[in-house]
Amino acid sequence: MTRATPRVLGRLLVAAGAVSDADIDAALDEQRRTRERLGEILVRRGLEPEAVARALAAQLRIPFAGPSLAPAPDALRLVDAALARRLRVLPLAATERTLRVAMADPLDLAALDDLQFQTGRRIEPAVAVPAAVERALAEAYAPRDVQAVLGRLPTPAVPAPPAGSDDDLRQAADAPPIIALVELILQRAAAARASDVHIEPGAPVRVRARVDGVLRELLRLPDHTAPAVVSRIKIMAGLDIAVKRRPQDGRGTVRVDGRELWLRVSTLPANGAEKVVLRLLAPDHAGQPLVDLGLGGRDLPRLLDLLGRGHGVFLVTGPTGSGKTTTLYAALGALDRERRNVVTLEDPVEYRLAGLTQVQVHRKAGLGFAGALRAVLRQDPDIIMVGEMRDRATVEVGMAAALTGHLVLSTLHTNDAPSSIARLLDMGAPPYLVAGGLIGILAQRLVRRLCPDCRAPHTAAPDEVSRLGLPPRAVRHFHARGCPRCAGEGYRGRIGIFELLVVDARMRELILHRAPTDALRDAALADGSATLGQDAWRKVADGLTTIDEVRPLLSLLADEAPACPDCAAPLRREFLACPRCGRTLRRRCRCGAPIEPGWRCCAMCGAPAPATTPAPAPAPAPASTTAIPPAVTTAIPPAVTAVTPPAVPAVTPPALPSTITAR
C-alpha cells in the first residue's frame with residue numbers, strides 16, 4: 001500500500017469483487033490530495049478491513065491470518081508486552097530459528113528489524129486486520145499484565161492515610177505500582193472501545209467499562225488499593241485529593257498506547273468511599289461523516305439541505321447518551337469552516353475540531369448559555385453551536401439570531417421530533433419566534449450494531465410474528481451469534497435511529513396556532529418523514545441491528561401515526577384507504593358510519609354490513625434500499641381486507657312521528 005503499489009492492490013480488490021473501478025478511481029483521486037494509503041482510504045469509505053488485508057496478503061505473497069488469532073504461549077514469552085504493543089505485532093508461533101507474527105502493516109520494515117534484533121529469530125510476517133491484532137494483544141497479555149502489576153503491590157498495598165494527610169495521599173498516588181495499575185485500567189478500557197470506566201468501591205473493588213452502551217467487568221482489585229487509585233485519578237484530572245465528602249468534576253489528557261485520550265472525571269461519595277467514573281473521549285471521533293452515524297435514504301440529503309441554508313435553528317433531540325453531541329460535530333464537519341466563522345458554546349467542551357472557536361460555559365463565573373450567546377453575536381459569526389437549549393432566554397436569543405441570518409445548531413431533551421416544538425413553546429418562547437426561526441429537528445437514539453462477521457439470518461415463525469407485531473419487511477431479520485471479533489457479544493459498535501422533521505410552510509402555520517403534537521406529527525408524515533419506529537424497523541430488516549435492540553423504541557410507536565401494512569406508506573389516522581396502493585383500511589356503510597370487525601349490520605341505519613373480499617395484491621415497490629419500513633401501531637387492526645360492497649338497495653329512513661318536532 002505504498003505509492004508504487006496502489007494500482008496493483010486496487011486491481012486485486014476489483015478482481016475479488018470487493019470494490020468497483022469507480023471506487024478505486026475515486027480513492028486514487030483522494031490519495032493524490034491526502035497522501036494516505038489506498039487501503040486506509042477504502043476502509044474509511046466503507047470497505048471491510050478484512051478485504052483490504054486479504055488483498056494485501058495476495059499482493060505481497062505472504063499468509064493471511066484470520067480474525068481468530070490464537071498465539072502460542074512459547075511465542076508470547078519471546079516478545080515483551082510493551083514491545084508487542086508498540087510495534088503492533090502479535091507472536092503466533094515460534095521455532096528455534098523463526099518467529100511467525102501477525103501484523104496490520106507488514107511493510108513496516110523498521111518494526112520487523114526491531115523484532116528480529118530483540119528475539120534473535122528470523123521474522124515471518126502474516127497480514128491481519130488491525131482491530132483483530134489489537135484485540136488479540138489485549139487478550140493475550142492482559143492476564144499477565146494484571147498479575148504483574150498486582151504482584152508489585154505490597155499487602156496491604158498502600159494503607160488508607162488519615163483524613164487531611166495530603167502528603168501521604170499524594171505519596172500513595174505517586175507510587176509506581178499504582179501508576180502502572182491506573183495505566184493498565186486505561187489500556188484495557190481503550191482496547192475494549194469503552195466510552196466510560198466505572199471504579200466502584202467494595203471488597204473487592206470492581207472496575208467496569210461501558211462498551212456499546214452496555215457495562216462489562218474489566219477486572220477486580222483488592223479493596224485496599226481503592227484510596228491510592230482514586231487519588232491517582234484525581235491528580236490526573238486536576239482535582240483536590242483531600243476532598244472526599246463532596247462530588248468533584250475534572251478533566252485531563254492521557255496517552256494510551258501512543259493514542260491521545262481526553263478524560264472527564266466525576267467522583268461521588270458512596271459506601272464510605274468514593275466512586276469514580278471516567279468518560280473517555282477520542283479527539284479523532286470529532287467530525288466523522290454523517291453517513292457513518294446511520295443517516296441514509298431520504299434523510300441525509302434533506303439534512304444537508306437544511307445545513308446549507310445558512311440561517312435558522314436546527315435542533316438535535318434525544319435523551320442523555322443518545323449521541324446528540326456527536327451528531328452536531330458531524331454536522332459541523334460537513335460545513336465550510338474555512339470561509340465561515342464558526343463558534344461553539346459548550347459545557348463542557350468534549351471534542352476539538354479544526355476551524356472552530358470553542359467557548360467553555362462557566363455558570364459559576366456568570367457566563368451562561370444565554371449571556372455567552374449574546375456575546376458571540378457581536379463576534380460576526382456565521383454558524384453558532386449551542387450545547388443545549390436549557391431555558392427561555394437561550395431559546396429566544398437563539399431564535400432571534402436565526403432570524404438575523406445566522407445558522408444555530410443546538411440540542412434539546414425530548415422523546416421525538418414533533419414533541420420538541422411543544423417543549424419550546426412550554427419553555428415560554430413565542431410561537432411567532434419558533435415558527436420563524438426553526439428549520440428542522442432531528443430526533444435520535446443509539447442501538448448496538450450487529451457484528452457483520454457473525455450475524456445470522458432468521459425468519460420469524462407465525463407465532464413470533466403475532467407476538468412481536470412484526471411488520472412485513474421485518475419478518476426476515478438477523479440475530480446475533482458472537483465471534484472472536486466481537487468478543488462473543490454479537491455486536492460491534494453502535495448505529496443511530498433517526499427521525500427528521502423539516503419545518504415547512506404548513507408546519508409553521510400549525511406552530512403559529514399552537515397545534516397539538518399529533519397534528520404536527522401528521523403533517524410531518526404527510527411530508528414524507530419517517531418516524532423513529534419506522535427507521536428502527538428499516539435497520540432491523542437491513543441487518544444492521546436486532547429486534548431486541550429496538551424493542552425499547554416500540555413503546556413510542558403507540559403514539560405514532562400508522563403505516564400501510566402492504567406498501568409501508570405513511571398514513572394519517574383519519575385515512576380509510578392507503579393513497580399509494582389503494583388498500584382499504586376501514587369498512588364503512590353506505591350511510592358513512594364505520595363498521596367494526598364482526599358486525600353483521602350497520603349500527604346507525606340497520607343496513608347489512610358489506611361483505612369483504614380479499615385485498616388485491618399491492619403493486620411491487622421499486623427496488624431501493626431507502627424504502628421506509630412500516631411501523632407497528634395499534635391504530636389499524638392487524639388483519640383488514642379490502643371491501644367490495646354488494647348491491648344493496650337504498651334504505652329510506654322512516655318518517656318521524658308527528659309528535660316529534662325537529663330542533
Side-chain angles (χ1 to χ4, degrees), residues 237-238 248-253 262 264-266 279 281 283 286-287 306-307 309-318 320 323-414 420 423-430 433-434 436-442:
Q248 296 188 77
D249 294 305
R251 64 198 65 191
T253 304
W262 297 334
R264 280 174 48 193
V265 179
S266 173
R279 169 66 58 89
L281 301 171
L306 292 176
L307 297 176
R309 293 187 183 182
H311 62 87
V313 174
F314 178 76
L315 297 177
V316 180
T317 73
T320 302
K324 299 186 295 295
T325 302
T326 301
T327 300
L328 284 181
Y329 270 96
L332 292 175
L335 298 173
D336 183 5
R337 303 186 302 278
E338 293 295 328
R339 295 181 296 177
R340 287 182 171 184
N341 180 22
V342 184
V343 183
T344 70
L345 306 176
E346 305 173 68
D347 183 23
V349 176
E350 294 191 1
Y351 298 105
R352 306 289 186 197
L353 191 61
L356 304 182
T357 301
Q358 297 177 277
V359 179
Q360 170 71 54
V361 174
H362 292 284
R363 291 189 173 187
K364 294 182 179 179
L367 184 63
F369 278 113
L373 185 54
R374 293 188 184 94
V376 166
L377 290 175
R378 296 190 290 270
Q379 294 284 317
D380 186 30
D382 296 300
I383 302 168
I384 306 171
M385 193 269 275
V386 182
E388 182 182 352
M389 293 286 188
R390 293 183 176 177
D391 49 38
R392 175 178 178 177
T394 307
V395 173
E396 290 184 348
V397 176
M399 294 294 174
L403 294 177
T404 55
H406 303 87
L407 179 63
V408 180
L409 311 179
S410 188
T411 68
L412 197 65
H413 287 87
T414 54
S420 301
R423 171 64 177 154
L424 293 174
L425 298 176
D426 290 342
M427 293 171 67
L433 206 56
V434 177
L438 191 63
I439 60 173
I441 304 171
L442 182 71

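When a residue number appears, it is its place in the shown sequence, counting from 1. Everything numeric here is computed off the predicted structure, so don't read it as measured data.
- Scanning both residues, Ala402 and Val408, for their nearest heavy atoms gives N-CG2, 4.4 Å.
- We find the OH-CE distance between Tyr329 and Met385 to be 4.5 Å, quoted to the nearest 0.5 Å.
- Rounding to the nearest 0.5 Å gives a distance of 11.0 Å between CG of Leu425 and OG of Ser420.
- Looking at heavy atoms from C-beta onward, Val313 lies out of side-chain contact with Ile439 at the 4.5 angstrom threshold.
- Not counting sequence neighbours, Arg423 has no partner by the side-chain hydrogen bond (donor to acceptor under 3.5 Å, both in side chains) test.
- Shown here are the salt bridge (Lys or Arg N to Asp or Glu O under 4.0 Å) partners of Arg390, two or more places apart in sequence or in another chain: Asp347, Glu388.
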Going through the distances and angles, do Ile383 and Val343 end up as a side-chain contact (heavy atoms from CB on, under 4.5 Å)? CA-CA 6 Å; Ile383 302 168; Val343 183; over 6 Å; no
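- With rounding to the nearest 0.5 angstrom, the OG1 atom of Thr414 is 7.0 Å from the CD1 atom of Ile441.
- Pairs passing the side-chain hydrogen bond (donor to acceptor under 3.5 Å, both in side chains) check and including a residue from residues 371-384, sequence neighbours excluded, do not occur.
- In terms of the side chain to side chain contact (heavy atoms under 4.5 Å, CB included) criterion, residue partners of Ala237 (sequence neighbours excluded) are, by chain and number, Leu239, Val265.
- Of all non-hydrogen atoms in Asn341 and Pro381, the two that sit nearest each other are ND2-CA, 3.5 Å.
- Legend: residues meeting side-chain hydrogen bond (donor to acceptor under 3.5 Å, both in side chains) with Thr325, ordered by chain and number and at least two apart, are absent.
- Scanning for side-chain hydrogen bond (donor to acceptor under 3.5 Å, both in side chains) contacts around Asp391 gives Thr394, with sequence neighbours left out.
- Considering only heavy atoms from C-beta on, Thr344 stays 4.5 Å or farther from Thr357 through its side chain.
- Here the closest non-hydrogen pair linking Leu424 and Met399 is CD1-CE, 3.8 Å.
- Remark: Glu396 pairs with Arg392, Pro430, Leu433 by the side chain to side chain contact (heavy atoms under 4.5 Å, CB included) rule, at least two apart or across chains.
- The two residues Leu373 and Ile384 come nearest to each other via the heavy atoms CD1-CG2, 3.7 Å.
- Within the structure, side-chain hydrogen bond (donor to acceptor under 3.5 Å, both in side chains) contacts touching residues 330-340 (residues at least two apart or in different chains) are Asp336-Arg339.
- To the nearest 0.5 Å, atom OG1 of residue Thr317 and atom CG of residue Leu442 are 7.0 Å apart.
- In plain terms, the two heavy atoms of Phe369 and Leu345 that are nearest each other are CE2-O, 3.4 Å.
- Counted by atom type alone, Glu346 and Gln360 present zero donor-acceptor pairs between their side chains at under 3.5 Å.
- Going from atom CG of Leu335 over to atom CG of Leu407 covers 6.5 Å, rounded to the nearest 0.5 Å.
- Note that CG of Leu353 and CG of Leu328 are 12.0 Å apart. Values are rounded to the nearest 0.5 Å.
- Residues Leu307 and Leu409 form a side-chain contact, since some pair of their non-hydrogen atoms from C-beta on lies under 4.5 Å apart.
- Counting only distance, with no hydrogens or angles, the side chain of Lys324 and the backbone of Gly318 share a donor-acceptor pair below 3.5 Å.
- Sorted by first and then second residue, the side-chain hydrogen bond (donor to acceptor under 3.5 Å, both in side chains) pairs involving residues 401-411 (not counting sequence neighbours) are Thr404-His406.
- Closest of all the heavy-atom pairs between Leu412 and Met427 is CD1-SD, 4.3 Å.
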